[in-house]
K.L.:
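Below is a structure I'd like to ask you about.
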Amino acid sequence: MPVADLQALTRADEAFERLQTAIVKGDLAPGEKIGEVELCSRFNLTRGPLREALGRLESRGLLVRKPHAGVKVVSVSPQELMELYRIRESMEGLAARQAAERMTDQEIADLQATLDSHEKMIEQAHGQAYYQAEGDYDFHHRIATGSRNTKLAQMLLGDLYYMVRMYRYRLSQSSGRPHKALGEHRRIAEAIASRDGELAEFLMKRHINAARINIEQKINEGSLTL
């Protein structure tokens with residue numbers, strides 16, 4: 001591949017990562033209308049890489065494009081978000097059970113090391129946020145892939161994964177939630193390390209149910225708008 005093409009690819013990748021992170025962290029809010037000129041200025045991007053990044057974000061379901069309405073960051077209703085979390089509860093519970101049965105010892109060690117890095121990150125944020133980058137840096141991503149259930153992983157790591165990430169970060173910013181969530185992650189990892197699939201499933205489902213209840217409370221209090 002020519003050097004110019006490699007450089008363009010790198011700029012497009014950089015644009016994609018910056019915009020996706022902005023969406024996940026809420027700097028580009030759900031439902032916000034975005035324009036190319038504004039994004040180029042705001043994120044110091046050029047048109048070519050930006051357009052490629054927008055196409056990739058649209059394919060992930062993070063952006064929606066409607067005729068005569070332009071491009072907007074995806075948004076969901078409170079009811080839809082509750083439904084997403086109920087789906088996650090069942091599917092990720094199964095993933096945790098199968099991960100306990102199928103992950104290698106090295107994968108489990110890597111999972112626990114990931115949580116160690118998360119603890120440092122939370123401390124650096126003074127316990128106020130718990131941001132997990134995607135892929136192997138994400139506890140839930142590691143368990144989905146570690147389940148060795150291809151169809152289940154495809155469903156968990158498709159559009160559902162990217163949409164839920166938008167709300168996971170925002171919800172982690174409540175007082176005390178980052179440390180509590182990390183503790184729940186560690187107990188799930190311990191169950192997986194003990195090869196106790198039943199316990200791993202139970203703990204994962206309880207973890208996601210707790211997150212859903214937290215969302216409902218925030219919506220009812222008016223402290224979370226979707």
K.L.:
Do the side chains of Asp13 and Arg56 get close enough for a salt bridge, i.e. N-O under 4.0 angstrom?
P.N.:
yes
K.L.:
Could you walk me through whether Arg186 and Gln112 pass side-chain hydrogen bond (donor to acceptor under 3.5 Å, both in side chains), step by step?
P.N.:
CA-CA 7 Å; Arg186 286 201 181 279; Gln112 293 171 324; over 6 Å; no
K.L.:
Please walk me through it: do Glu92 and Ile143 pass side-chain contact (heavy atoms from CB on, under 4.5 Å)?
P.N.:
CA-CA 8 Å; Glu92 292 203 41; Ile143 290 178; over 6 Å; no
K.L.:
Below 4.5 Å, heavy atoms only, C-beta onward: do Leu157 and Thr145 meet side chain to side chain?
P.N.:
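Leu157 reaches Thr145 side chain to side chain.
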K.L.:
Out of curiosity, Ser90 OG to Leu152 CG, how far, rounded to the nearest 0.5 Å?
P.N.:
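If we round to the nearest 0.5 Å, Ser90:OG and Leu152:CG are 11.0 Å apart.
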K.L.:
Heavy atoms only: give me the nearest Pro178-Ile122 pair and the separation to one decimal.
P.N.:
O-CD1, 3.6 Å
K.L.:
Ion pair present between Arg195 and Glu190, side-chain N to carboxylate O less than 4.0 angstrom?
P.N.:
no
K.L.:
Thinking salt bridges, do Glu36 and Arg51 make one under a 4.0 Å N-O criterion?
P.N.:
yes
K.L.:
What's the shortest heavy-atom distance between Ala211 and Tyr85, and which atoms?
P.N.:
CB-CE2, 3.8 Å
K.L.:
Closer than 3.5 angstrom, by distance alone: can the side chain of Arg97 be matched with the main-chain N or O of Ala200 as a donor-acceptor pair?
P.N.:
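Not confirmed, Arg97 side chain does not pair with Ala200 backbone.
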K.L.:
If you compare all heavy atoms of Leu19 against all heavy atoms of Ala53, which two are closest, and at what distance to 0.1 Å?
P.N.:
CD1-CB, 4.2 Å
K.L.:
Could you walk me through whether His179 and Glu184 pass the side-chain hydrogen bond (donor to acceptor under 3.5 Å, both in side chains) test, one step at a time?
P.N.:
CA-CA 9 Å; His179 284 111; Glu184 292 168 2; over 6 Å; no
K.L.:
Quick one: CG on Leu111 to CZ on Arg142, what's the gap to the nearest 0.5 Å?
P.N.:
6.5 Å
K.L.:
List the steps and the verdict of side-chain contact (heavy atoms from CB on, under 4.5 Å) for Asn149 and Arg102.
P.N.:
CA-CA 9 Å; Asn149 185 326; Arg102 301 174 180 178; 4.2 Å; yes
K.L.:
Between Asp116 and Lys120, is a side-chain contact (heavy atoms from CB on, under 4.5 Å) present by the stated rule, with each step listed?
P.N.:
CA-CA 7 Å; Asp116 291 339; Lys120 293 178 183 177; 5.6 Å; no
K.L.:
Report the distance from atom CG of Leu63 to atom NZ of Lys33, rounding to the nearest 0.5 Å.
P.N.:
13.5 Å
K.L.:
With a sphere of 6.0 Å drawn around CD of Glu58, does it hold more than 12 non-hydrogen atoms of other residues, nucleotides or ligands?
P.N.:
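Counting neighbours around CD of Glu58, more than 12 heavy atoms of other residues, nucleotides or ligands fall under 6.0 Å, so yes.
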K.L.:
So, for Phe139 and His118, is the gap between ring centers shorter than 6.0 Å?
P.N.:
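Phe139 vs His118: aromatic centres not under 6.0 Å.
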K.L.:
Dump the intermediate steps for side-chain hydrogen bond (donor to acceptor under 3.5 Å, both in side chains) on Arg206 and Asn209, then the final yes or no.
P.N.:
CA-CA 5 Å; Arg206 188 171 69 176; Asn209 183 61; over 6 Å; no
K.L.:
Please find the pair of heavy atoms, one from Ala15 and one from Leu45, that lie closest to each other, and give the distance.
P.N.:
CB-CD2, 3.8 Å
K.L.:
Please check if the side chain of His185 supplies one atom and the backbone of His140 the other of a donor-acceptor pair under 3.5 Å.
P.N.:
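No, His185 side chain to His140 backbone: no donor-acceptor pair under 3.5 Å.
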K.L.:
Could you please spell out the steps behind the side-chain hydrogen bond (donor to acceptor under 3.5 Å, both in side chains) verdict for Thr46 and Arg11?
P.N.:
CA-CA 9 Å; Thr46 56; Arg11 288 194 293 269; 4.8 Å; no
K.L.:
Side chains of Arg60 and Gln20, heavy atoms from C-beta outward: is any pair under 4.5 Å?
P.N.:
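Yes - at least one pair of side-chain heavy atoms lies under 4.5 Å apart.
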K.L.:
Quick one: does Ser41's side chain have a donor or acceptor within less than 3.5 Å of a partner on Val37's backbone?
P.N.:
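Side chain of Ser41 to backbone of Val37, a donor-acceptor pair under 3.5 Å: no, none is there.
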K.L.:
When you check the gap from the basic side-chain N to the acidic O, do Arg148 and Glu107 get nearer than 4.0 Å?
P.N.:
yes
K.L.:
Take Tyr162 and Leu62 through the side-chain contact (heavy atoms from CB on, under 4.5 Å) test and state the conclusion after the steps.
P.N.:
CA-CA 7 Å; Tyr162 297 108; Leu62 294 178; 4.0 Å; yes
K.L.:
Are Lys66 and Val71 packed together at the side-chain level, in the sense that at least one heavy-atom pair is separated by less than 4.5 angstrom?
P.N.:
no
K.L.:
Grab the two heavy atoms, one from Val73 and one from Pro30, that are nearest each other, plus how far apart they are.
P.N.:
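Shortest heavy-atom contact: CG1-CA, 3.8 Å.
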K.L.:
With no hydrogens and no angle check, is any side-chain donor or acceptor of Glu201 less than 3.5 Å from a backbone partner on Glu198?
P.N.:
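No, Glu201 side chain to Glu198 backbone: no donor-acceptor pair under 3.5 Å.
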K.L.:
Counting distance only, does the side-chain N/O of Ser117 pair as donor-acceptor with the main-chain N or O of Thr114 below 3.5 Å?
P.N.:
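It does hold such a pair.
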K.L.:
To the nearest 0.5 Å, what is the distance between CD on Glu38 and CD on Glu32?
P.N.:
6.5 Å
K.L.:
Take atom CG in Asn220; do more than 12 heavy atoms of anything else shown fall under 6.0 Å from it?
P.N.:
yes
K.L.:
Counting only N and O atoms by type, is there a donor-acceptor contact under 3.5 Å from the side chain of Ser147 to the main-chain atoms of Ala144?
P.N.:
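Here the side-chain-to-backbone pair exists.
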K.L.:
To the nearest 0.5 Å, what is the distance between CG on Leu50 and CG on Leu54?
P.N.:
4.0 Å
K.L.:
Output the distance between atom CD (Glu89) and atom CG (Leu84), rounded to the nearest 0.5 Å.
P.N.:
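Glu89 atom CD to Leu84 atom CG measures 13.0 Å (nearest 0.5 Å).
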